[in-house]
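Here's the structure, in structure tokens; my notes come after.
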Amino acid sequence: MKSNKGLSGMIRIIAPYLIILFAVSTIFFMNGSSTTEVLGYNEFMEVLADESIAMSNVTVSPDSTVVVVSGMYTEGEEKVAFQVSIPNTDEIMNHVMERLETRKIEYVNTINPHQENPFLSVIVGVVPYIMLGVLAFVFITKMNGGSNNKAFEFGKSRARLEGDIRVRFDDVAGCDEEKEEMAELIEYLRAPKKFSKMGARIPKGILMVGPPGTGKTLLAKAVAGEADVPFYSISGSDFVEMFVGVGASRVRDMFKRAQQTAPCMVFIDEIDAVGRQRGAGLGGGHDEREQTLNQMLVEMDGMGDNSGIVVIAATNRPDVLDPALLRPGRFDRQITVNLPDRKGREAILKVHARNKKLADDISLDSIAQRTPGFSGADLENVLNEAAILAVRGNKDIIEMEDVDEAIDRCMGGPAKKSKKYTDEEKRLVAYHETGHAVIGLKLEAAKIVQKVTIIPRGQAGGYTLMTPKNDRFLLTKSDLLAQITGYLGGRVAEEIEFNEISTGASNDIQEATKIARAMVMSYGMSELGTIQYDHGNGSVFLGRDYTSGSQNYGNETAGEIDNAIRRIIDECYAEAKRILTENKDLVDLIANVLIEKETLTAEEIESLDKTGKLPEVKPVEKAEDTTAEPVKEAPTETTEAVEPVEEVVIEEAKAEEVTSEVTESTETTAEETKSEE
């Protein structure tokens with residue numbers, strides 16, 4: 001935008017000079033170029049001698065060497081302008097004058113402006129070059145001035161004044177409480193006297209925190225769409241530069257611009273890029289990013305008064321923000337935008353299904369029930385993938401099978417049907433997945449098995465997908481032990497059937513160990529007591545502890561922690577082995593059917609458990625030749641075509657409880673869940 005403005009300004013400056021140059025050139029060519037007929041001396045004398053040719057407007061312009069005679073002559077009905085150059089001698093000129101007087105032709109004796117005007121000659125010969133020089137000087141000066149302006153604009157704010165935002169609160173679902181908080185802020189800006197009467201002051205800052213994809217930026221856009229006040233938006237990375245002082249200058253300029261249009265809102269996305277805790281960088285207190293943060297702290301609540309400016313910031317890393325930024329007076333209010341519950345997921349699906357052509361048998365409530373742990377962005381992606389699959393299949397509407405496949409693709413990637421197992425690998429993968437499924441069936445605290453497949457998808461060679469019975473916000477010790485036991489079911493099944501183990505359980509072991517470590521070090525669920533051995537300031541949403549390089553306990557305690565983790569894993573391994581050994585016949589039955597069918601649904605697994613065989617598929621009655629209605633109803637009789645229980649969902653991964661489910665490694669098959677990452 002700045003370069004375009006500079007170019008347009010330069011054009012406006014140069015345009016008058018170009019117009020002047022064009023006018024001078026036009027005059028030069030109009031005066032310097034002849035449109036008349038040039039006659040020779042003999043031709044002119046012949047025309048002059050012919051009395052049938054009338055002459056008029058004759059002008060005689062003598063010069064030092066020649067005499068220019070010009071005028072008009074009429075030959076028949078045609079009028080011709082002529083011009084003739086005659087040598088300037090007394091004999092010739094006397095002869096011409098006698099002829100003109102004999103013909104009684106009136107003439108004017110004057111100086112020839114085309115040849116002898118010295119002022120016009122200077123203008124025509126010199127002024128164009130002067131104009132070109134002036135234009136070159138202006139152009140060079142403008143270019144140098146533009147460079148200097150860019151140098152000064154380097155420290156200007158990059159905050160954009162948003163306009164024509166079409167997002168409204170109706171377009172944001174699954175976060176009703178959060179919308180109420182933001183709606184209250186908008187009402188405050190619209191009617192500040194209503195709050196000032198009660199002694200309330202406007203919050204200076206609102207910090208929205210939550211996992212990625214939960215709608216923090218979308219909520220800010222909705223605020224911009226609903227508000228009648230100026231709304232500026234900027235990213236945290238726009239402040240940070242390699243040059244010292246630039247970031248702080250941009251912060252000052254941003255608040256200066258905002259103050260001129262107060263009351264207004266400023267939205268800073270990904271504020272953790274500039275608001276990280278001071279003293280942690282390599283540059284210490286002189287680090288450019290820290291200087292930028294210092295300036296922001298001063299502008300939000302310092303000696304100056306920036307009343308009427310509300311700063312809305314979004315981040316998924318609140319643990320790394322500087323404490324001075326989070327105190328009241330700067331960010332007075334923190335709004336946590338969590339993953340949606342079942343009701344919220346259904347509302348989000350309704351929003352994103354507005355422009356989708358869905359089949360009548362698709363239940364958004366059913367999809368919401370089978371997608372725990374999905375964020376708003378994940379749900380939008382599911383419906384978009386379903387629409388793409390429907391277009392790929394040349395369908396007029398989106399069917400349930402498209403939604404089912406879309407959920408699988410969003411969780412594990414597209415199916416790799418071309419990847420072929422050897423018979424031995426296929427049998428091992430089938431028993432591995434069956435081990436997970438049987439643990440889910442027989443362990444009371446385990447999740448509900450929804451789908452088992454040995455078709456490779458993404459990085460997984462196969463997977464068992466399970467859903468929790470209900471959306472959970474808290475997990476008990478029994479729930480965590482059941483999860484560990486479920487993870488270890490695949491490895492135990494391999495060991496029982498083949499008396500051998502494979503690399504397929506690598507990710508299972510990793511997730512099981514993560515849960516066991518959290519039980520010992522964070523949750524106090526071991527014989528070591530209710531003591532927290534980790535620092536507790538790792539990422540709440542990403543499940544990482546970035547300060548784990550140092551420990552706040554001794555080496556002896558570290559050994560006890562390792563032993564406690566080992567005991568939990570060993571106990572769960574033994575429990576998994578007991579369950580699978582007692583249900584060996586069921587393991588063999590499900591594994592053999594899985595080898596044949598490659599995919600089993602929840603209904604089929606339940607039927608194998610209770611009856612020992614697959615559910616009977618009702619025969620499709622063929623319609624008579626005279627009617628087509630039974631044929632239309634036939635697909636609804638097929639269990640696999642309409643059974644919604646077939647589809648799989650994934651549990652919400654609560655990183656602070658380290659209970660995220662796992663995506664299997666390339667050669668493994670394990671229980672699949674959606675991680676927040």
| Out of Val223, Val311, Ile309, which residue meets the side-chain contact (heavy atoms from CB on, under 4.5 Å) rule with Met265? |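 One option only clears the test, and that one is Val223.
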Heavy atoms only: give me the nearest [X]-[Y] pair and the separation to one decimal.
X: Met208; Y: Lys216; value: CE-O, 3.1 Å
X: Leu293; Y: Gly275; value: CD1-CA, 3.9 Å
X: Asn381; Y: Cys410; value: ND2-SG, 3.5 Å
X: Asp301; Y: Gly329; value: CB-O, 3.3 Å
X: Leu325; Y: Phe331; value: O-CD1, 3.0 Å
X: Arg166; Y: Asp171; value: O-OD2, 3.7 Å

Salt-bridge test for [X] and [Y]: reply yes if a basic N is under 4.0 Å from a carboxylate O, no otherwise.
X: Asp319; Y: Arg317; value: yes
X: Asp396; Y: Lys357; value: no
X: Arg327; Y: Asp332; value: no

| task | Go through the steps to decide whether Leu480 and Met525 satisfy the test side-chain contact (heavy atoms from CB on, under 4.5 Å), and finish with yes or no. | result | CA-CA 10 Å; Leu480 297 177; Met525 295 181 178; 3.7 Å; yes
| task | Take Gln532 and Tyr523, measure what side-chain contact (heavy atoms from CB on, under 4.5 Å) needs, and give me the verdict at the end. | result | CA-CA 7 Å; Gln532 188 178 45; Tyr523 308 139; over 6 Å; no
Is the backbone of [Y] close enough, under 3.5 Å, to the side chain of [X] for a donor and an acceptor to pair up by distance?
X: Ser363; Y: Ser366; answer: yes
X: Lys356; Y: His352; answer: yes
X: Asp378; Y: Ser375; answer: yes

| query | Considering residues, nucleotides and ligands other than Asn355, do more than 12 of their heavy atoms fall under 6.0 Å from its CG? | reply |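 Atom CG in Asn355 is crowded, with more than 12 foreign heavy atoms closer than 6.0 Å.
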| query | Lys514 and Glu511: salt bridge (charged side-chain N to carboxylate O under 4.0 Å, His left out), yes or no, with the steps? | reply | CA-CA 5 Å; Lys514 183 187 297 184; Glu511 294 299 318; 3.7 Å; yes
| said: Any donor-acceptor pair under 3.5 Å linking the side-chain atoms of Glu299 with those of Gln295? | reply: yes
| task | Quickly, which of Arg333, Lys179, Lys194 forms a salt bridge (charged side-chain N to carboxylate O under 4.0 Å, His left out) with Glu184? Name it, please. | result | Arg333
| task | Fit a plane to each ring of Tyr553 and Tyr533, take the angle between them on a 0 to 90° scale, and name the class: parallel (under 30°), tilted (30 to 60°) or perpendicular (over 60°). | result | perpendicular
| task | Check step by step if side chain to side chain donor-acceptor pair (under 3.5 Å) holds for Asp269 and Ser235. | result | CA-CA 5 Å; Asp269 198 8; Ser235 173; 6.0 Å; no
